[in-house]
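Each remark here refers to the structure printed beneath this line.
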Number of protein chains: 2
Amino acid sequence: MVLQAPVLPGPVVPPNFLESLMSYVAPLKDMLFVLNELAGLEQVSTLPGCEDATPETVEAVLQENAKFCSEVVAPLNRSGDQEPSYWHDGEVTTSKGFKEAFKAFAEAGWQGVQHPVEFGGQGLPKLVATPCIEMLNAANLSFALCPLLSDGAIEALLTAGSDEQKRIYLENLVSGKWTGTMNLTEPQAGSDLALVRTRAVPQGDGTYKISGTKIFITYGEHDMAENIVHLVLARTPSAPEGVKGISLFIVPKFMVNADGTPGARNDVHCVSLEHKLGIKASPTAVLQFGDHGGAVGTLVGEENRGLEYMFIMMNAARFAVGLQGISVAERAYQKALAYAKDRVQSRDLAGSAGAVTIIHQPDVRRMLMSMRSQTEAARALAYVTAAAHDAAHHHADDATRKANQAFYEFMVPVVKGWSTEISIDVASTGVQIHGGMGFIEETGAAQFYRDARILTIYEGTTAIQANDLVGRKTARDGGAVAKAIIAQVRATQAELANSGAPDLVAIGKQLASGADALEQVVAYVVGNLKSDIKGVFAGSVPYLKLAGIVLGGWQLGRAALVATQKLQSAAGDSNFYQAKIGTARFFAEHILSQADAYRISIVEGSSGVMALTEDQF
Amino acid sequence: MVLQAPVLPGPVVPPNFLESLMSYVAPLKDMLFVLNELAGLEQVSTLPGCEDATPETVEAVLQENAKFCSEVVAPLNRSGDQEPSYWHDGEVTTSKGFKEAFKAFAEAGWQGVQHPVEFGGQGLPKLVATPCIEMLNAANLSFALCPLLSDGAIEALLTAGSDEQKRIYLENLVSGKWTGTMNLTEPQAGSDLALVRTRAVPQGDGTYKISGTKIFITYGEHDMAENIVHLVLARTPSAPEGVKGISLFIVPKFMVNADGTPGARNDVHCVSLEHKLGIKASPTAVLQFGDHGGAVGTLVGEENRGLEYMFIMMNAARFAVGLQGISVAERAYQKALAYAKDRVQSRDLAGSAGAVTIIHQPDVRRMLMSMRSQTEAARALAYVTAAAHDAAHHHADDATRKANQAFYEFMVPVVKGWSTEISIDVASTGVQIHGGMGFIEETGAAQFYRDARILTIYEGTTAIQANDLVGRKTARDGGAVAKAIIAQVRATQAELANSGAPDLVAIGKQLASGADALEQVVAYVVGNLKSDIKGVFAGSVPYLKLAGIVLGGWQLGRAALVATQKLQSAAGDSNFYQAKIGTARFFAEHILSQADAYRISIVEGSSGVMALTEDQF
């Protein structure tokens with residue numbers, strides 16, 4: 001186990017320097033630009049049931065949320081990393097301040113933003129919840145995981161829970177009085193849920209006795225809520241093997257009394273917490289079910305349909321984990337930018353009398369632009385995806401709903417996989433900008449590098465997302481949805497090319513190459529999946545990343561078009577709009593420009609992936 | 001400061017699983033292939049002064065070194081991370097076992113491998129020391145840093161030390177009885193040494209009183225040696241401003257008696273250690289010089305030429321840090337490979353009754369090949385560079401010496417910058433292959449991800465290496481050396497293209513694109529540096545990475561040609577040679593294939609880098 005060196009005197013970093021860099025300022029202006037100009041908030045607010053989400057209301061909600069996240073939650077980020085949650089005798093004490101902050105979060109109603117008014121929520125569209133989730137995660141990834149998992153549990157119960165289960169659990173989850181968890185993983189069953197062994201034996205009274213071990217259960221035990229609602233995958237005695245024999249159960253930490261209050265302790269116990277690389281404040285529990293007579297659970301929906309219900313939770317959670325990537329990237333960027341504007345080192349290359357701040361150095365500029373442009377592209381893509389979710393659920397027209405649902409489903413693995421992959425790169429670049437100081441834990445940049453590293457793993461690794469993108473989202477419909485999206489990219493590209501503005505034309509040039517590459521790859525995936533399944537899946541992650549950069553570049557291209565119009569009509573802040581164009585151009589020529597390399601990897605490179613036999617490794 | 005959670009019970013990972021994955025096995029077969037087939041060990045052994053380094057002797061040396069590194073040093077890697085060096089009252093206690101292991105290292109003569117016989121070394125070529133350094137670092141990065149810094153101090157004293165200084169210090173450094181440090185950085189002077197403030201006042205007796213603060217001093221204080229020889233950059237009272245006023249001083253921890261034994265304590269004191277993201281076992285010291293009456297130092301060489309001497313140390317150290325990148329990449333690869341062969345999860349896509357080990361999954365295969373191929377390419381490039389160093393120092397022919405020196409100097413920033421950049425990516429991929437287990441510290445994969453993160457920062461960040469590559473190594477001679485190297489790449493490419501073997505032709509195709517891209521970039525750098533200095537430096541790091549993948553791909557192309565010949569002549573292990581061809585092909589189509597994207601970034605992308613004004617950030 002881990003022993004630490006004794007507390008050391010005098011860190012190199014002066015304390016006031018730290019404070020000045022430690023704050024999170026929500027990028028409201030950027031968020032509102034994306035909401036209003038790219039994701040169509042005004043259109044969303046005309047959808048039946050979304051009428052409350054007028055641009056004015058939404059701006060007020062986001063301002064309030066930003067204030068809460070910056071003032072209450074962000075200050076706990078560093079201290080939580082330094083003093084993680086800890087286990088003692090089956091109980092988990094969360095990091096200092098977490099309990100109080102979660103109480104304030106719940107009381108302010110933030111858990112309920114996107115949930116039905118019927119159960120005490122605010123009933124706002126997903127497009128509005130999305131920036132709120134981004135802000136909470138940027139403020140504190142470890143803290144935000146708890147409500148993120150409650151959101152998933154709420155979604156699953158809304159869809160598959162009985163009226164009784166909804167009555168007992170939903171209001172308390174939506175209010176944040178209770179919290180939820182997802183219990184999938186077992187030591188032998190990670191990405192492969194077919195291997196789940198946890199047992200559920202019917203007791204004849206409508207309940208089941210659950211027994212088994214679940215690992216990696218985020219907020220599986222904690223002291224922030226009255227009760228914890230575990231959603232647990234398990235097998236009944238008669239269940240078939242594999243994923244078709246998995247059912248979903250509710251196993252509350254405390255059984256619920258007739259009056260709705262928490263009653264007797266259920267037989268689910270946290271036997272240890274993991275010692276992790278990052279997100280240390282969030283307790284990651286090993287849960288033991290049924291070691292002392294049996295944990296009591298109730299079935300959600302029908303037997304053997306558990307995976308289907310779990311996917312409801314998981315799809316919501318996957319999208320939210322994509323947002324986590326954007327959040328940590330934004331936070332790392334803000335920190336690196338503040339350092340780059342503060343740290344004086346070396347002369348300006350163009351000539352200066354003395355040393356200047358390092359933001360003058362071209363390579364620091366390149367790194368900042370790389371961080372910024374990837375973060376903005378991923379944000380735009382995620383918000384546009386959230387808007388599609390709202391249209392898919394609320395639009396009056398059936399065909400429009402279906403088209404939006406297809407777009408949303410195509411995008412979920414891209415948002416999850418690509419936003420999280422870039423977050424590691426962005427956080428690492430943030431460390432690099434800090435130089436040696438970035439490697440010192442006191443500075444805080446290293447925490448983002450550690451925290452981000454889980455995001456490409458949990459809620460389905462990038463490979464799992466890529467499998468979904470290749471199989472269910474691309475090949476199954478013969479690439480129809482993918483081609484429809486590429487057609488939209490082509491339309492933006494034509495607008496850019498025809499604009500006559502050099503920056504826009506340059507962006508359009510790379511977008512054209514990107515669309516070409518994506519089109520060829522989609523054709524390759526659709527055309528070869530049956531004949532060469534391993535060859536196609538060898539390119540699955542490169543395909544996901546290619547989709548990310550082309551579709552992210554598409555959104556920044558749209559942003560550049562809007563910004564150009566705004567500048568032409570002299571509307572608003574010209575610095576802001578010029579930066580949008582510059583950022584889009586950087587992304588096009590430094591990130592989107594990698595599209596053809598991905599095409600080569602996918603279309604020409606599969607034999608290299610599978611060239612070695614297992615023995616040859 | 002950092003408080004840890006209490007020790008937790010029962011980690012998820014079973015202990016025997018850990019042990020089985022924890023070992024380091026030196027890749028001797030791969031190393032010998034590179035030494036003999038790519039780096040020309042036999043030719044090196046014909047150089048005057050290198051006659052002892054016959055292939056047979058070298059193999060025996062490497063086997064002995066491998067045994068020592070695996071058995072003595074590697075087992076301390078994880079425990080050192082868990083129980084870092086710690087500071088108490090000015091003294092530093094290194095991690096358990098380090099002191100004894102360093103004694104054994106010194107007594108076996110490993111510190112002296114590449115140093116002159118005259119001072120007790122073994123006088124072996126750099127090409128032979130190179131795999132030894134790789135192995136020591138792969139076994140334990142934190143441990144290996146200590147001898148790495150001694151190597152630098154020895155190089156500096158050999159070049160610039162007086163006979164007296166050589167007599168007093170060299171034998172003890174070469175034997176490992178004493179160790180060396182580099183004291184460059186100060187709080188305000190990191191990459192920018194012009195800002196160094198440490199003062200050196202002549203005392204009239206040939207000595208100087210040194211006063212000031214140095215930070216980030218690796219092994220600046222420890223308990224592994226009798227004495228520590230600090231090489232310190234400081235300014236004399238009459239020194240001009242900037243880098244032209246910096247002198248180099250020896251400041252030993254203990255003054256040296258007339259009989260050569262350590263005497264009175266000098267006034268240099270460690271006031272704290274840093275709490276770092278990685279390489280935790282290596283003490284990173286804040287050193288205070290002259291707080292109690294003045295630290296006594298002696299001048300190395302001439303006043304105001306300190307930077308020049310420091311560059312001798314630094315160039316040796318930069319090359320060695322490049323090797324550290326290869327080392328940590330190799331270690332991370334070995335660990336991920338062992339896990340991939342052990343972990344059972346999901347069916348084989350091509351159809352299997354039950355779950356199989358994850359090495360059957362195409363994306364795991366892709367990740368392993370990415371780790372392996374980048375590591376092998378970087379190793380080949382580094383070893384070939386070491387051979388050029390030997391030829392530059394020992395060849396009888398003046399023109400050959402000069403050509404090799406030019407090659408070596410061009411390569412140092414590429415080896416340092418590129419090998420370390422890929423090491424972060426490789427270590428991160430290693431975590432990914434482990435899935436959720438990779439994020440748990442007990443597994444050990446995360447340590448490599450943390451350790452690797454310093455490598456692109458210390459001994460000059462990647463940007464500093466890239467500046468060197470652009471300025472001194474490319475533009476200064478009008479691209480002559482770069483073009484000569486590209487001509488060699490073209491020759492290999494032609495051989496590949498003319499081979500008629502599909503794998504070799506495929507590699508040649510990508511190598512041709514890579515050479516085209518590199519050629520255009522060199523022309524751009526040479527042609528535009530004066531007219532658009534910021535634009536060219538905006539592409540400096542992409543240029544370094546481009547050089548890395550093209551030259552690394554070149555070496556793997558050479559390896560594939562050799563392997564094809566061996567297979568045709570049925571010489572040796574066909575699995576081994578087939579793997580060399582497969583690995584080269586993977587690298588060509590998945591890594592080298594990015595060359596044109598870098599060209600676009602560099603040649604077309606500079607305006608995007610500099611598009612935003614400082615206010616617009």
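Model, not experiment: these values are computed from the prediction. Computed from heavy atoms alone, side chains included, the values below leave out hydrogens, waters and symmetry copies. In what follows, chains are A, B, ... by sequence order, proteins preceding strands, each numbered from 1.
- Residue B/Ser95: no heavy atom, backbone or side chain, is found under 4.5 Å from chain A.
- A donor-acceptor pair under 3.5 Å is absent between the side-chain atoms of A/Gln616 and the main chain of B/Phe576, judged by distance alone.
- Between A/Gln594 and B/Gln594, the side chains place no donor N or O within less than 3.5 Å of an acceptor N or O (distance only, hydrogens not considered).
- Between A/Leu612 and B/Arg372 there is a side-chain heavy-atom pair separated by less than 4.5 Å.
- A cation-pi arrangement is present between B/Arg453 and A/Tyr449, with the terminal nitrogen or guanidinium carbon under 6.0 Å from the aromatic centre and inside a 45° cone about the axis.
- Interface residue A/Leu337: only side-chain heavy atoms are found under 4.5 Å from chain B.
- The contact between A/Ile279 and chain B is made by backbone and side chain atoms together, counting heavy-atom distances below 4.5 Å.
- For B/Asn575, the parts lying near chain A are the backbone and the side chain together; criterion is any non-hydrogen pair under 4.5 Å.
- Shown are A/His590, A/Arg585, A/Lys509; of these, the side chain to side chain contact (heavy atoms under 4.5 Å, CB included) with B/Glu604 is made only by A/Lys509.
- With contacts defined as side-chain heavy-atom distances shorter than 4.5 Å, the pair A/Ser601/B/Ser593 qualifies.
- Neither the backbone nor the side chain of B/Tyr577 comes within contact range of chain A; no heavy atom of the residue lies under 4.5 Å from a heavy atom of that chain.
- Counting heavy atoms from C-beta on, the side chains of B/Ile600 and A/Gln510 come closer than 4.5 Å.
- Ion pairing of B/Asp348 with A/Lys534 is present here, as a side-chain N (NZ or NE/NH1/NH2) and a carboxylate O approach within less than 4.0 Å.
- Using modelled atom types, no side-chain atom of B/Arg366 and backbone atom of A/Ser540 make a donor-acceptor pair closer than 3.5 Å.
- No part of A/Ala194 comes within reach of chain B, as not one of its non-hydrogen atoms sits under 4.5 angstrom from that chain.
- For chain A, no part of B/Asn467 is nearby; none of its heavy atoms comes within less than 4.5 Å.
- Checking A/Gln432 against B/Thr461 by side-chain atom types alone, no donor-acceptor pair falls below 3.5 Å.
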